[in-house]
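In this text the structure is predicted, and so the values were computed from the model without any measurement.
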Amino acid sequence: MATTKWAVDPMHSEVQFKVKHLMITTVTGYFQSFHVEAETEDDQFTSANSVLFTADVNSINTNNEQRDTHLKSADFFDAENHGQVRFTATNYENVGGDEYQLHGDLTIKGTTKPVTVKVEFGGIVVDPYGQTKAGFTVTGKISRKEFGLTWNAVTEAGSVVVSDEIKLQAEIQLVKQA
């Protein structure tokens with residue numbers, strides 16, 4: 001059986017992360033440069049032979065240049081030595097209807113850990129230009145400390161500046177490759 005290859009449509013996709021700041025508000029960041037490719041057994045995305053996601057750490061944007069520079073430093077992502085975040089799927093599992101779980105290995109700052117994210121399959125359509133596209137909403141949570149992102153500070157009142165839990169959110173549109 002022939003496989004179908006898919007690649008991200010970056011104009012209609014976004015990858016963001018959210019973290020609690022001072023435990024009272026949430027800061028949102030984006031990876032402005034990322035890549036997703038997938039291979040399926042058919043055109044319906046009921047199964048996936050492979051899914052690979054990579055993001056350029058130097059493309060982090062939290063709408064604050066000073067914070068972005070700090071995130072790229074050795075205190076956090078260490079972009080100079082670890083310029084890429086990488087997720088390689090090991091299993092794409094239907095858990096009912098359009099709901100899936102994507103299991104795989106996430107590598108951040110040289111540390112690889114198994115991670116599972118929720119995937120809501122939005123469907124497949126042919127756009128006005130004749131391209132077949134598949135849409136997904138991906139959500140998940142990770143512990144930043146498990147990946148060596150351990151920097152933190154404490155306020156005078158004893159509050160933590162940055163939470164350990166990072167929420168992941170992505171809207172991904174893939175284009176079927178000819």
Side-chain angles (χ1 to χ4, degrees), residues 1-19 28-61 71-72 76-79 81-127 131-149 164-178:
M1 177 183 254
T3 58
T4 303
K5 293 185 186 286
W6 303 81
V8 73
D9 177 352
M11 298 299 293
H12 299 103
S13 300
E14 64 181 33
V15 175
Q16 62 179 236
F17 55 91
K18 295 178 177 286
V19 62
T28 302
Y30 298 87
F31 286 102
Q32 294 181 297
S33 177
F34 58 90
H35 187 73
V36 181
E37 54 188 51
E39 189 174 286
T40 58
E41 292 177 16
D42 55 33
D43 290 355
Q44 298 307 308
F45 246 102
T46 54
S47 64
N49 298 339
S50 67
V51 178
L52 174 65
F53 164 83
T54 57
D56 178 0
V57 170
N58 283 305
S59 75
I60 286 176
N61 183 346
L71 287 172
K72 295 172 195 176
F76 288 97
F77 285 97
D78 192 10
N81 295 304
H82 305 282
Q84 194 177 75
V85 171
R86 182 181 184 94
F87 177 84
T88 305
T90 56
N91 187 20
Y92 179 68
E93 168 188 25
N94 184 282
V95 292
D98 292 334
E99 302 294 320
Y100 290 79
Q101 286 188 340
L102 185 61
H103 307 273
D105 295 320
L106 179 63
T107 303
I108 300 174
K109 198 177 178 180
T111 300
T112 302
K113 299 275 184 185
V115 170
T116 298
V117 294
K118 294 178 184 177
V119 178
E120 181 183 330
F121 178 50
I124 295 177
V125 299
V126 177
D127 74 7
Q131 295 180 312
T132 301
K133 295 190 171 183
F136 307 87
T137 298
V138 181
T139 57
K141 295 177 186 178
I142 62 168
S143 160
R144 68 182 176 90
K145 291 177 183 173
E146 287 184 6
F147 292 93
L149 282 70
D164 177 45
E165 181 182 88
I166 306 296
K167 293 181 181 176
L168 309 172
Q169 167 85 26
E171 294 294 332
I172 302 295
Q173 195 171 106
L174 298 178
V175 181
K176 180 181 172 184
Q177 303 299 290

Value for CG (L106) from CG (L168), rounded to nearest 0.5 Å, stands at 7.5 Å
### Task
Just do the side-chain contact (heavy atoms from CB on, under 4.5 Å) check on V85 and V57 with the steps written out, would you?
CA-CA 7 Å; V85 171; V57 170; 3.9 Å; yes
Residue set satisfying salt bridge (charged side-chain N to carboxylate O under 4.0 Å, His left out) with K18, at least two apart, ordered chain then number -> none
Residues A38 and L174: closest non-hydrogen pair is CB-CD1, 4.1 Å
Interatomic distance, NE2@H35 vs CG@D56, rounded to 0.5 Å, equals 13.0 Å
Note: G97 and N94 closest approach over all heavy atoms is O-ND2, 3.0 Å
Scanning both residues in full, the closest heavy-atom pair of F76 with R144 reads CE2-NH1, 3.8 Å
**Q.** Side-chain heavy atoms of Q16 within contact of Y30, under 4.5 Å
**A.** yes
Exactly one candidate in N58, N61, T54, I60 meets side chain to side chain contact (heavy atoms under 4.5 Å, CB included) with F31; the answer is I60
Across all chains, not counting sequence neighbours, the salt bridge (charged side-chain N to carboxylate O under 4.0 Å, His left out) partners of D78 are none
With a 3.5 Å cut-off and no angle check, do the side chains of Q169 and E171 form a donor-acceptor pair? yes
- Between F136 and F45, does the ring centre distance come in under 6.0 Å? yes
With sequence neighbours left out, the residues meeting salt bridge (charged side-chain N to carboxylate O under 4.0 Å, His left out) with K176 are D43
Heavy-atom closest pair (T116 atom, H103 atom, distance to 0.1 Å) is OG1-ND1, 2.8 Å
Q | side-chain contact (heavy atoms from CB on, under 4.5 Å) evaluation trace for V15 with V36 | A | CA-CA 11 Å; V15 175; V36 181; 5.9 Å; no
What one should report as the nearest heavy-atom pair of V95 and Q101 is CG1-CG, 3.9 Å
Is any side-chain heavy atom of E41 less than 4.5 Å from a side-chain heavy atom of N49? yes
- Do D105 and T88 have side-chain N/O donor and acceptor atoms under 3.5 Å apart? no
Only one of L52, T107, L102 passes side chain to side chain contact (heavy atoms under 4.5 Å, CB included) with F87, and that residue is L102
Closest non-hydrogen atoms of H82 and G110, given as atom of the first, atom of the second and distance, are ND1-N, 3.4 Å
When rounded to the nearest 0.5 Å, the distance separating OG of S59 from CD of Q84 is 10.5 Å
